[in-house]
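Take a look at the structure below.
For the numbers below, each heavy atom of this structure counts, side chains included, while hydrogens, waters and symmetry mates do not. In what follows, chains are A, B, ... by sequence order, proteins preceding strands, each numbered from 1.
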Amino acid sequence: MIEIKKQIADSLAEHLPAESENIENLLQIPPEPEMGDYALPCFVFAKKLKKSPAKIAEKLAENLSKPDGINEFHAEGPYLNISVDRPRMYSKLLGSIVKTGKEVFSNDSGKGKTVVIDYSSPNIAKHLAVHHLRSAIIGRSLYNIFQACGYHCIGINHLGDWGTSFGKLIAAFERYSDVSPQDADVSDLQNLYVRFSKESEENPELEDLGRRKFKELENGDPEATKLWKQFKKISIEEFKKIYELLGIEFDAYTPESFYLSLAEDLLNRLRAKDIAMESENAVIADLEEQDMPPLMLQKNDGTTLYATRDLCAAEYRWINYRFEHCIYVVGGEQKLHFRQLKTVLKKMGYDWSDRIEHIDFGLLKLRDPKTGKASVGSTRKGDMILLEDVLKNGIERAKEKLNENIEKLSDDADLDKLAARIGIGAVMFSDLAVKRNKDVVFDWDRMLDFHGDTGPYVQYAHARLCSILRKAGVDVRPNADCALLKLPEEWKLVRLIEIYPSRIMQAAEKREPSIIANYLLNLCKLFSSYYSLGMKEPEKRVICEDQHVLGARLMLVEATKNVIAHGLELLGMNAPERM
RNA sequence: GCGCCGGUAGCUCAGUGGACAGAGCAUCGGAUUUCUAAUCCGACGGUCGCAGGUUCGAGUCCUGCCCGGCGUGCCA
């Protein structure tokens, strides 16, 4: 996409004690369009030039020669406001979007670099619940965002299929289950686990039994292994159904158990380097010098812990992918774990340990209807809201709405598919629109709302844009004249579209999909206002008498549509053409 | 106790150290012979947790405190 700011920054750099790139970052868009198209705040130069910001702005306005494409410099207090040749610059901008399509928004800042992203990574033998949503969709969205920045992405589902809890599950199965492993489903497994947890509260010996069973499993006991394999198979089958609904994919399913064979060698090396040592019959990595509690790597019964397997996984990923970034999309409650992990890797002498990044997010809490207090749901107690139920509810609600407006759809519309795109879109968007590290209290109504700042609102704007393009009945040409876009709303739209690529960069840098979601809301709000003008004043409609104005407006509509479609894609959502 | 995260309108949240702190929901009032009303327009609503400090300028940075959450060796 053409970069107007860059051009301006280049010409300003010759007259200021700063690099062009810094000036580009400094350039803003003035609050009112009458002030100009860009503004350079001059505060930062005051010290170096020993003049007041206002004076600097004034001097610059007087002395700068006007490069090609720039119409005017004028000082307004401490700001140097800049007006460009709007018709030329912005016709070019919109034209390039129409000509090239959505790819124009991508950049190549990550070209030749690999980013490994670990997301979703649920534990097996449990249903996916609402709180599993965040890692999955934030992770997948980051995958899409990095891809749009030219990175080679590896999406990994680091399935939680190993650990003491599976020893407990095996014990529970042997103790209570009346179904054969072949006939069991995830609900059976989860119920067994809950029952076992409850009983062990009164009968602590069961905890030991669970640990013993895990030891058997880790030692390769054939019976235990057979059960575990079956549990895993059942779980993955169910997970895949939900992933399909969510449109989430992975490049690799490499579960925790995959790294078990590497653990012994790792522990030996850690001991040899004096990073790991015996303590209370267990093996720990002491991190006191780093002001952290020790990281436990082997329990007193000789079995491994997730930290052990995570270290192996990190090494494995480095050897196989040579990543620029290795991102773990995991809840904030595991912050300490990842700090410890990085520190141990650093102690091992790996300079790539700096590339390990824990991208944390806030907890999802459930509100207790009685006390009104929000707290984290517990699988052990069985109080959780199934992800599938939430998605199904969303789909149902969308279907009702679609049936009300059935005449708006095409004859061959696939109602179920469309309802899924919208209903699930609502759920995903409600989560993606909030900044990662905020805790979220689950709320059916908010998650399934289709009005206001929601996913369906964005999708609806897209459908309207598509409708205009269909009804216009002419091709959108990339060479229309932007000078014909005279309404303030049109102008604001152009300016908002202009900054879209920079939002993608920001979203990638901050690992923050909500930047895209909030940007889309602003864009759609603006478009909807613009669109509504045409209700009372037909001459303000896109499809209008004047063919030249029509051409310019269609270019704007097409560009807006492309931005929305692209943005929704980055969020992992669909952009229906009718709804 | 210590560490980390959060505290902005009644509720849910935006807000690269910069021009007047913004949305959505809720409430109230308006707009539909439509380029799709899943929409739009208006009204109402603020000690940006508190107190200092840095700065030409602080919701944003620093320090202390208050409130809430999470974590803190045999779970993941």
Selected nucleotide, minimal atom distance to L363(A) side chain, candidates A76(B), C41(B), C70(B): C70(B)

Spacing between Y306(A) atom OH and C74(B) atom P, to the nearest angstrom: 11 Å

Touch class at under 4.0 angstrom, heavy-atom based, for E404(A) against every strand present: nothing

From CG (N300(A)) to CD (E278(A)), nearest 0.5 Å: 10.5 Å

Distance between P atoms of A51(B) and G30(B) (Å, rounded): 42 Å

Touch class at under 4.0 angstrom, heavy-atom based, for G332(A) against every strand present: nothing

Touch class at under 4.0 angstrom, heavy-atom based, for V542(A) against every strand present: base

Value rounded to 0.5 Å, distance of OG1 in T304(A) from CG in L267(A): 8.0 Å

P atoms of C44(B) and C4(B), separation to the nearest Å: 43 Å

Pairing partner (Watson-Crick or G-U wobble, both distances under 3.5 angstrom) of C75(B): none

Any strand: nucleotide that pairs with G46(B) via Watson-Crick or wobble, under 3.5 Å: none

Watson-Crick or G-U counterpart of C61(B), or none if no pair lies under 3.5 Å: G53(B)

Parallel, tilted or perpendicular, as decided by the 30° and 60° cut-offs, for the rings of F442(A) and W444(A): perpendicular

Interatomic distance where CE belongs to M535(A) and P belongs to C40(B) [whole Å]: 9 Å

D445(A) CG - U12(B) P separation (whole Å): 14 Å

Sugar-phosphate only, base, or nothing, as touched by R397(A) at under 4.0 Å among non-hydrogen atoms: nothing

Sugar-phosphate only, base, or nothing, as touched by K471(A) at under 4.0 Å among non-hydrogen atoms: sugar-phosphate

salt_bridge(R495(A), E498(A)) N-O dist < 4.0 Å: yes

Sugar-phosphate, base or nothing in reach of K408(A), heavy atoms under 4.0 Å: base

Presence of salt bridge, R397(A) and E400(A), under 4.0 angstrom: no

Ring centers of H337(A), Y328(A) separated by less than 6.0 Å: no

Residue Q28(A), side-chain heavy atoms: nucleotide from A19(B), U39(B), G73(B) that is nearest: A19(B)

Sugar-phosphate only, base, or nothing, as touched by N25(A) at under 4.0 Å among non-hydrogen atoms: base

Residue matched to G3(B) through Watson-Crick or wobble contacts both under 3.5 angstrom: C70(B)

Protein-nucleotide distance (K435(A), atom NZ; G7(B), atom P), rounded to Å: 7 Å

First encountered from the 5' end of RNA chain B, between M296(A) and P456(A): P456(A)

Sugar-phosphate, base or nothing in reach of A461(A), heavy atoms under 4.0 Å: nothing

U36(B): pairing nucleotide in any strand, Watson-Crick or G-U under 3.5 angstrom: none

Sugar-phosphate, base or nothing in reach of S529(A), heavy atoms under 4.0 Å: sugar-phosphate

Touch class at under 4.0 angstrom, heavy-atom based, for S279(A) against every strand present: base

Distance test, side-chain N/O of R436(A) to OP1/OP2 of C5(B), below 4.0 Å: no

Nearest-nucleotide pick for S528(A), side chain only, options being U12(B), C74(B), U39(B): U39(B)

Value in whole Å for how far the C1' atom of C75(B) lies from NZ of K126(A): 9 Å

Touch class at under 4.0 angstrom, heavy-atom based, for R211(A) against every strand present: sugar-phosphate

Sugar-phosphate, base or nothing in reach of L305(A), heavy atoms under 4.0 Å: sugar-phosphate

Spacing between M292(A) atom CE and U72(B) atom C1', to the nearest angstrom: 12 Å

Spacing between D310(A) atom CG and C75(B) atom C1', to the nearest angstrom: 13 Å

Sugar-phosphate only, base, or nothing, as touched by L402(A) at under 4.0 Å among non-hydrogen atoms: base

Residue closer to the 5' end of RNA chain B, G163(A) versus N437(A) (nearest nucleotide): N437(A)

Pair F214(A) + F166(A): ring centers closer than 6.0 Å: no

Distance in angstrom units between E280(A) CD and G73(B) P, rounded: 11 Å

Nucleotide nearest F450(A) (side chain, heavy atoms from C-beta), chosen from A38(B), C40(B), C74(B): A38(B)

Donor-acceptor pair under 3.5 Å, Y460(A) side chain vs A38(B) base: no

